[in-house]
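Data block below; observations after.
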Amino acid sequence: MSDQEEHALIARRREKLNALREAGRAFPNDFRRDAIAGELHAEYGDRDNEVLEASPVRVKVAGRLMAKRVMGKASFAQLQDMSGRIQLFLQRDGLEDGVYQAFKGWDIGDIIGAEGVMFKTKTGELSVRVETIRILTKSLRPLPEKFHGLADQETRYRQRYVDLIMNEVSRNTFRMRSRIVQFIREYLNDRDFLEVETPMMQAIPGGAVARPFSTYHNALDMDLFLRIAPELYLKRLVVGGYEKVYEINRNFRNEGLSTRHNPEFTMLEFYQAYVDYRDLMDLTEDLLRTMAEQLTGSTTIECQGASYDFGKPFRRMTVRESILAFNPGLSAADIDDPGKARAVAGQLGIPVKDSYGLGKVQIEIFEKTVEGRLADPTFITAYPTEVSPLARRNDDDPFVTDRFEFFVGGRELANGFSELNDAEDQAERFRQQVAEKDAGDLEAMHYDADYIRALEHGMPPTAGEGIGIDRLVMLFTDSPSIRDVLLFPHLRPES
RNA sequence: GGGCCGUUAGCUCAAUUGGCAGAGCAGUGGACUCUUAAUCCAUUGGUUGAAGGUUCGAUUCCUUCACGGCCCA
């Protein structure tokens, strides 16, 4: 960091700001624009210059000065606003005395307001012939270089405002994120789901197998945990009679960071009574297919050099089937027998604890050998009961649950199941989790007595699902890292 | 937590075997009334991420640390 040089550039701009202060109000807020760049291009982009000159269109535009090309007594400038860019054309003789001279002293990055009439240049670019122009906000810090823009990843994440000024790809990514969330809301609202908000601070962190962040409430003199999932609260609402509910909000998990993990991330969770996990697979398939069509215009999503077809029916297979399919050397006996399965896991280099049952061992083998290779949209079903403490047992095979996870590009995007609404079974599962917690598993669940009490009032047969919004946005925006789809991703403090 | 890679001017990047730290853009001064990364002339700007070591001499080699990236757990 060469503070001296930065100071020289900033100091120069600060002198200009001081001159503005001496000349009057340096930070005026009385300019009202009546046009934005994108709409001007949409409305007048097709018109010939003769048409524009014949019936002059007067506009007021405002935005950030992104380019300045001075050629003696005439200049071009690019103004960037929330919708795009529009070119300004300034002539010394077309402006009040002194204004052109002042303009020449303004810097890239300054916020400008201008008024003039629309026309097209010799090369046919729609522009504003400026008649009045003034500076609305002085920018004190130089922007990155105009051609290469801002490339440094760290700066893009730490100073997202600069990234957004400079990189259209980033601007589009977060617009797409907003459209995805809006699409989901409309999709669920149209189907009579009720959007709700449940506690982010919970006395008993539940609904997932993960380590929570803890905090402390002074007045109540009690520990609280940031939620790892809203699940148990949403199901209380189903007990209460809201038979279709959803929440799109942040979860917090006290785990490591990676290109796929941020300590706080956004989940959609939704619950619907009187349907089962197969209905939710159908819904998920339709939701994603429709979303791809409506937001990208195609049912094929291109991401990181791969192509994913959401148009054709999604593949469905059980955990067990998928292990056998991706491990030709394994027989059914190898993964159905606890001793053999442990040996297989050992050969794969998976650390297997004594406390693991067969289901847990199978899931470890699945995660190691299958998950990352599930490229095409795929539902994996029949997760072992041992690793699914909130899911309903399968009627034919109580070793597994009526549960699925959904994968694309080797990444888990969704997790859903028929809900366990047998209060006595749930209580037993909680007790099992507490035993694992007592045995040292920091991720195991607590016993939530109030949740059991809620189930004892009777929860209708229900299915529920969670969809990771960040990963979904990564897929739809061709982003390699979760940090590219979080406006302000978690980083270590700057040194 | 482990392995590998990176950090040089405001930004994007160079720097031969260890031998005077450079360019473009931005900035500054000047020319220029249709530019598009405008052009032309001149010019300012550096604690090479930090600390230590080896050396006559370190951006370059070694150690530790910080931050980031990729892979693994």
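Throughout, a chain's letter reflects where its sequence line sits, starting with A, and its residues are numbered from 1.
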Under 4.0 Å between any heavy atoms, over every strand shown, what does A:L491 touch: base, sugar-phosphate, or nothing? Just pick one. sugar-phosphate

Determine the Euclidean distance between corresponding C1' atoms of B:U60 and B:C71; express it in Å to zero decimal places. 27 Å

Would you please confirm or rule out a distance under 4.0 Å between OP1 or OP2 of B:A73 and any side-chain N or O of A:K368? yes

Contact check, residues 468-486 of chain A vs RNA chain B, heavy-atom distance under 4.0 Å, returns A:R483

According to a strict under-4.0 Å criterion, is A:K73 in side-chain N/O contact with OP1 or OP2 of B:A31? no

If I take atom CZ in residue A:F76 and atom C1' in nucleotide B:C32, what distance separates them, rounded to the nearest angstrom? 13 Å

Can you check the A:R492 CZ to B:G69 C1' distance for me, whole Å? 13 Å

Do other residues, nucleotides or ligands put more than 12 heavy atoms under 6.0 Å from the CE atom of A:M201? no

Has A:R373 got its NZ or CZ under 6.0 Å from the middle of the six-membered ring of A:F326, at an angle within 45 degrees of the ring axis? no

Can you tell me how far C1' in B:G53 sits from the matching atom in B:G29, rounded to whole Å? 46 Å

Over 60° means perpendicular and under 30° means parallel, so classify the ring planes of A:F89 and A:F76, tilted if in between. tilted

Strictly by Watson-Crick or wobble contacts shorter than 3.5 Å, is anything paired with B:U59, and which nucleotide is it? none

Could you tell me the separation between the CD atom of A:Q101 and the P atom of B:U33, rounded to a whole number of Å? 14 Å

Given the C1' atoms of B:G57 and B:C20, what is the spacing between them in whole Å? 12 Å

Do the side-chain N or O atoms of A:R158 get closer than 4.0 angstrom to the phosphate oxygens (OP1, OP2) of B:G68? yes

Just by distance, with hydrogens left out, do A:T284 and A:E465 show a side-chain donor and acceptor under 3.5 Å apart? yes

Report the base-pairing partner of B:U16 (Watson-Crick or G-U wobble, both distances below 3.5 angstrom), or none. none

Distance check, P atoms only: B:G18 and B:C13, in whole angstrom units. 25 Å

Assign each of A:H148 and A:Q87 to its nearest nucleotide of RNA chain B by heavy atoms, then name whichever residue's nucleotide is nearer the 5' end. A:H148

Could you give the CZ-to-P distance, from A:R92 to B:A31, as a whole number of Å? 12 Å

Could you tell me which nucleotide pairs with B:U36 by Watson-Crick or G-U wobble geometry, both distances under 3.5 Å, or answer none if nothing does? none

In terms of heavy-atom contacts, does CG of A:D93 have more than 12 from other residues, nucleotides or ligands at under 6.0 Å? yes

d(A:Q80 CD, A:E168 CD) to nearest 0.5 Å is 8.5 Å

Across all strands, who's sitting opposite B:U7 as a Watson-Crick or G-U wobble pair, both distances under 3.5 Å? B:A66

Hey, does A:G256 reach any base, or is it just sugar-phosphate, or nothing, if we go heavy atoms under 4.0 Å? nothing

Surrounding CZ of A:R32 (heavy atoms of other residues, nucleotides or ligands, distance under 6.0 Å), is the total greater than 12? yes

Check whether any side-chain N or O of A:R12 sits under 4.0 Å from OP1 or OP2 of B:U28, and answer yes or no. yes

Nearest-Å distance for atom pair CG/P, residues A:D93 and B:C32: 13 Å

A:D107 CG - B:G10 C1' separation (whole Å): 12 Å

By nearest heavy atom, map A:P144 and A:W106 onto RNA chain B; which one lands nearer the 5' end? A:P144

Is there a Watson-Crick or G-U wobble partner for B:U43 with both distances under 3.5 Å, and if so, which one is it? B:G27

Neighbour count above 12 (heavy atom, 6.0 Å) for A:Q304 CD: yes

Looking at A:Y447, is A:K437 sitting on its ring face, NZ or CZ under 6.0 Å from the six-membered ring centre and within 45 degrees of the normal? no

Please check if atom CD in A:E15 has more than 12 non-hydrogen atoms from other residues, nucleotides or ligands closer than 6.0 Å. yes

Side chains of A:N167 and A:S170: is there a donor and an acceptor less than 3.5 Å apart? no

Ring centres under 6.0 Å, that's the criterion: do A:F314 and A:F406 meet it? yes

Any chance CG of A:D34 has more than 12 other-residue heavy atoms, nucleotides or ligands included, within less than 6.0 Å? yes

Can you list, by residue number, the residues of residues 61-71 of chain A that have a non-hydrogen atom closer than 4.0 angstrom to RNA chain B? A:R69, A:V70, A:M71

Would you indicate what A:T155 reaches in the nucleic acid, counting non-hydrogen atoms under 4.0 angstrom: base, sugar-phosphate, or nothing? nothing

Short of 4.0 Å, heavy atom to strand atom, which residues of residues 111-127 of chain A count as contacting RNA chain B? A:F119, A:T121, A:K122, A:T123, A:E125

Looking just at side-chain N and O atoms, do A:T266 and A:R177 make a donor-acceptor pair shorter than 3.5 Å? yes

How many Å lie between CD on A:Q304 and C1' on B:C70, as a whole number? 13 Å

When the P atoms of B:A23 and B:U63 are considered, how many whole Å apart are they? 33 Å

B:U54 - base-pair partner by Watson-Crick or wobble geometry, distances under 3.5 Å: none

A:H261 NE2 - B:C71 C1' separation (whole Å): 15 Å

